[in-house]
Number of protein chains: 2
Amino acid sequence: MIELFGKRLKSLRTSKKMSQKEFGKLFGLAESTIGMYERDERRPDFELLNKFANYFDVSTDYLLGRIDTPNPYSQEKKSADEEAFQKFLNDPNLQVFYKELPNSEEEEIEMLREFWEFIKHKNKT
Amino acid sequence: MIELFGKRLKSLRTSKKMSQKEFGKLFGLAESTIGMYERDERRPDFELLNKFANYFDVSTDYLLGRIDTPNPYSQEKKSADEEAFQKFLNDPNLQVFYKELPNSEEEEIEMLREFWEFIKHKNKT
DNA sequence: CCACTAAGAATATCTTAGCCT
DNA sequence: AGGCTAAGATATTCTTAGTGG
């Protein structure tokens, strides 16, 4: 069985742009503890798992790697997603992203994200 | 926080008309261990939680008492595009893109797309 | 038979301190 | 700063043996 919990946790944490120390502080944990979770060397207890899921608004099934949909229960989110989907579908410039990004290297995505931040920042000034 | 895990586990086990001993045997556990789970005196590890959920065909969110629907996932068929898009918005690292791109300037999107082509080309060589 | 309890043994976890990049 | 590793201290879990309905 492939361990996905660590990857999921790390991905969620970094998506919030938090360090392990910052994240740990929210739950009264040392940074090394978070690191061990993310490397699948330790497991939190159920209480913490529940808190993590609440904090990120995802299902525990997603955190544990049982399913690939973060929060399959929220209905309003679904319709909002469908709206976004229509926009992506109708704009050729956007299609390449939703088709290619999910299968791309983490590093490549990270580069793209940084460049995107750069573009937005440049156009503001 | 009310502990529901024990109740859920016991309910599922008895619904299968199994004794604690029989159930424990399926997972290599002593009967007293099952009893302790059901009284919320002990917790299984993630691997066991996963196995229990699989065995009963329920979500871990249900087992943990986060939701009241045993298995809320609907396995609908989706178009290829929809599937790709689903993967796209399931990845927390990509959320910034699907949230911002549809509402961004055409020019910015074009720049981003060109940079993306550059990244891909660079990594090939 | 079935479930619960107690207690020691076996496992797993958490933190601190140090190290690396 | 951010993340990783080691190791002792701490905390939890699992089983066996025994009790009682």
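On a predicted model such as this, the values are computed, not experimentally measured, just so you know. By convention in this document, chain letters (A, B, ...) are assigned in the order of the sequence lines, proteins followed by strands, and residues within each chain are numbered from 1. Every heavy atom of this structure was used, including side-chain atoms; hydrogens, water molecules and symmetry mates were not.
- In this structure, Glu31(B) reaches the bases: a heavy-atom distance under 4.0 Å links it to at least one base atom across the strands shown.
- In this structure, CE of Met36(A) is placed 10 Å from P of dT15(C), rounded to the nearest angstrom.
- Looking at the side chain of Ala30(B), the nearest of the listed nucleotides dC14(D), dT5(D), dT15(D) is dT15(D).
- Checked against a 6.0 Å centroid threshold, the rings of Phe88(B) and Phe97(A) do not count as neighbours.
- Phe23(A) comes within 4.0 angstrom of no nucleic acid atom, judged by non-hydrogen atoms across all strands.
- Taking only side-chain atoms of Ser19(B), from C-beta outward, the nucleotide of dA7(D), dA3(C), dC4(D) with the closest atom is dA3(C).
- Residue-level contact check: Gly24(A) touches neither bases nor backbone, having no heavy atom under 4.0 Å from any strand.
- Residue Glu41(A) places its side chain closer to dT5(D) than to any other of dC4(C), dC4(D), dT5(D).
- Contact annotation: Tyr37(A) side-chain N/O to dC14(C) OP1/OP2 distance is under 4.0 Å.
- Relative orientation of the Phe56(B) and Phe23(B) rings is parallel, given thresholds of 30° and 60° on the angle between their planes.
- For the pair Glu38(B) and Arg13(B), the salt-bridge criterion is met [side-chain N within less than 4.0 Å of a carboxylate O].
- Ionic pairing of Glu117(A) and Lys120(A) is present here: one or more N-O contacts between side-chain nitrogen and carboxylate oxygen are shorter than 4.0 angstrom.
- Ranking dG3(D), dT16(C), dC14(D) by closeness to the Thr33(B) side chain, first place goes to dC14(D).
- With respect to the salt-bridge test (charged N to carboxylate O, under 4.0 angstrom), the residues Arg8(A) and Asp68(A) qualify.
- Atom C1' of nucleotide dG3(D) and atom CD of Glu38(A) are separated by 9 Å, given to the nearest angstrom.
- With distances taken from any side-chain atom of Ser32(B) to the nucleotides dT16(D), dT16(C), dG3(D), the minimum falls on dT16(D).
- In this structure, Lys10(B) places its NZ atom 10 Å from C1' of dC4(C), rounding to the nearest Å.
- Distances from the side chain of Arg42(A) to the nucleotides dC4(C), dA7(D), dT5(C) place dA7(D) closest.
- Within the 4.0 Å cut-off from OP1 or OP2 of dG3(D), not a single side-chain nitrogen or oxygen of Arg39(A) is found.
- The distance from atom NZ of Lys25(B) to atom C1' of dC14(D) is 18 Å, rounded to the nearest whole Å.
- Computed from coordinates, the Leu49(A) CG to dT13(C) P distance equals 13 Å when rounded to whole Å.
- A straight line from CD of Gln20(A) to C1' of dC4(D) spans 8 Å, rounded to a whole angstrom.
- Taking the six-membered ring for Trp and thresholds of 30 and 60 degrees, Phe85(B) and Tyr98(B) have ring planes more than 60 degrees apart, a perpendicular arrangement.
- The nearest whole Å value for the distance from the CD atom in Glu47(B) to the P atom in dC14(D) is 12 Å.
- With dA7(C), dT15(C), dT5(D) as the candidates, the nucleotide lying closest to the side chain of Leu29(A) is dT15(C).
- Within 4.0 Å of Arg43(B), counting heavy atoms only, lie sugar-phosphate atoms of the nucleic acid but no base atom.
- Here the P atom of nucleotide dC4(D) and the CG atom of Asp40(A) are 12 Å apart, to the nearest Å.
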